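Numbers for residues simply follow the sequence, beginning at 1. Remember, it's a predicted structure, so these values are computed and weren't measured experimentally.
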Amino acid sequence: MNAEAEQLDAPRMTQDERRTVRRQAILDAAEALFLEYGYPSVSLSTIVQRSGGSLATIYQMFGNKQGLLRAVVDRSSDESLKDLDTLLASGLSPRRILEEFAISYLAFTTTPRKIAFMRLVITESLTDPDFGEAFDNDMQMKYIARIAGLFENWNAQGLARIDRPQQAAELYLAMLLCNLPIRFMLGRPAEKPSREDTIWRLAGFLDRFGMKAETEA
């Protein structure tokens with residue numbers, strides 16, 4: 001009996017909890033297999049063999065193999081946004097929050113696991129532009145919308161002066177990523193800048209939108 005089956009047999013587990021366990025088992029299996037063999041070489045049947053469940057369950061939860069890849073990467077992105085939630089609960093100033101999130105985001109983006117998945121996504125996007133467009137929209141919703149919402153809240157609280165929150169959120173992430181996407185496509189090492197370089201890169205942006213350093217507040 002595999003780990004998922006043992007968990008699903010646990011007493012008092014609700015239907016929603018069973019579904020969550022099954023979903024995580026499928027994502028875990030897909031992630032491991034995609035990284036081990038490459039996305040094109042992995043079939044849904046192979047994922048079912050490793051995770052348990054059925055093809056019908058995968059189609060119901062993810063639609064198809066591309067949907068499963070998007071869900072795997074989406075779960076990975078959620079890990080990064082947890083760092084932002086932690087920073088927001090810390091009581092730090094908006095400037096410090098954006099500085100610290102930039103550092104954690106770059107550390108996350110340049111891990112071997114993240115780089116491997118971004119290369120998988122880029123390769124599949126070149127094969128299927130519709131997939132690339134859908135993935136880009138997913139990331140827009142995940143990061144751009146979340147950060148733009150923060151900017152709007154800080155404006156309302158008088159903590160920032162950001163006249164175009166959506167464009168400012170896009171600019172913030174673009175400054176962080178810099179040439180990393182090109183390196184991903186070329187298969188080059190993704191070296192993250194130092195903490196000091198990252199803070200320096202953001203300084204003009206933060207000054208422009210009225211987010212003062214804590215010593216200036």
Student: Any non-hydrogen side-chain atom of Q167 less than 4.5 Å from a side-chain atom of F151?
Tutor: no
Student: Taking all atoms of both residues into account, what is the closest heavy-atom pair of R23 and A71, and its distance?
Tutor: NH2-CB, 4.1 Å
Student: Mind telling me whether Y105 and Y143 have parallel, tilted or perpendicular rings, with 30° and 60° as the class edges?
Tutor: perpendicular
Student: Does T86 use its side chain to pair, donor to acceptor, with the backbone of K82 at less than 3.5 Å?
Tutor: yes
Student: Find out whether K65 and L69 are in side-chain contact, i.e. whether some heavy atom of one side chain is under 4.5 Å from a heavy atom of the other.
Tutor: no
Student: If you measure from CZ on F117 to CG on L35, what distance do you get to the nearest 0.5 Å?
Tutor: 4.0 Å
Student: Under 4.5 Å between any side-chain heavy atoms of V121 and Y39, yes or no?
Tutor: no
Student: What about Y37 and I47, same hydrophobic cluster or not, with Ile/Leu/Val/Met/Phe/Trp/Tyr joined at side-chain heavy-atom distances under 4.5 Å?
Tutor: yes
Student: Can you find a pair of side-chain heavy atoms, one from K114 and one from V73, that are under 4.5 Å apart?
Tutor: yes
Student: Same cluster for L92 and I103 if Ile/Leu/Val/Met/Phe/Trp/Tyr side chains link at under 4.5 Å?
Tutor: no
Student: Using 0.5 Å steps for rounding, measure from the CZ atom of R50 to the CG atom of L33.
Tutor: 4.0 Å
Student: Within the structure provided, determine whether E124 and R70 are in side-chain contact (heavy-atom separation under 4.5 Å).
Tutor: no
Student: So, for A168 and I162, which heavy atoms are closest and what is the spacing to 0.1 Å?
Tutor: CB-CG2, 3.5 Å
Student: Where do A102 and Y172 come nearest, in terms of heavy atoms and distance?
Tutor: N-OH, 3.4 Å
Student: Hey, are S80 and S77 close enough side-chain-wise for a donor-acceptor pair under 3.5 Å?
Tutor: no
Student: Drop me the distance from L98's CG to L87's CG, to the nearest 0.5 angstrom.
Tutor: 9.5 Å
Student: Closest heavy-atom contact between M211 and L159?
Tutor: CG-O, 3.9 Å
Student: Could you please spell out the steps behind the side-chain contact (heavy atoms from CB on, under 4.5 Å) verdict for R146 and D85?
Tutor: CA-CA 11 Å; R146 180 70 188 282; D85 292 334; 2.5 Å; yes
Student: Answer whether the closest heavy-atom distance between the side chains of T109 and L176 falls below 4.5 Å.
Tutor: no
Student: Look at R75 together with E79 and state whether they make a salt bridge at an N to O cut-off of under 4.0 Å.
Tutor: no
Student: What I'd like to find out is whether the side chain of S45 reaches to under 4.5 Å of the side chain of L55, using heavy atoms alone.
Tutor: yes
Student: Please give me the minimum heavy-atom distance between A160 and N155, naming the atom from each residue.
Tutor: O-OD1, 3.1 Å
Student: Evaluate whether atom CZ of R164 has more than 12 neighbouring non-hydrogen atoms of other residues, nucleotides or ligands under 6.0 angstrom away.
Tutor: no
Student: Does Q15 CD have over 12 foreign heavy atoms under 6.0 Å away?
Tutor: no
Student: Please confirm whether the backbone N or O of T123 pairs with a side-chain atom of T127, one donor and one acceptor, at under 3.5 Å?
Tutor: yes
Student: Taking the side chain from T46 and the backbone from V42, do they hold a donor-acceptor pair closer than 3.5 Å?
Tutor: no
Student: Between F135 and Q66, is there a side-chain heavy-atom distance shorter than 4.5 Å?
Tutor: no
Student: To the nearest 0.5 Å, tell me how far L173 CG sits from K142 NZ.
Tutor: 14.0 Å
Student: Heavy atoms only: give me the nearest S51-A25 pair and the separation to one decimal.
Tutor: CB-O, 3.5 Å
Student: State which residues pass side chain to side chain contact (heavy atoms under 4.5 Å, CB included) with M175; sequence neighbours excluded, sorted by chain then number.
Tutor: L171, R201, L202, F205
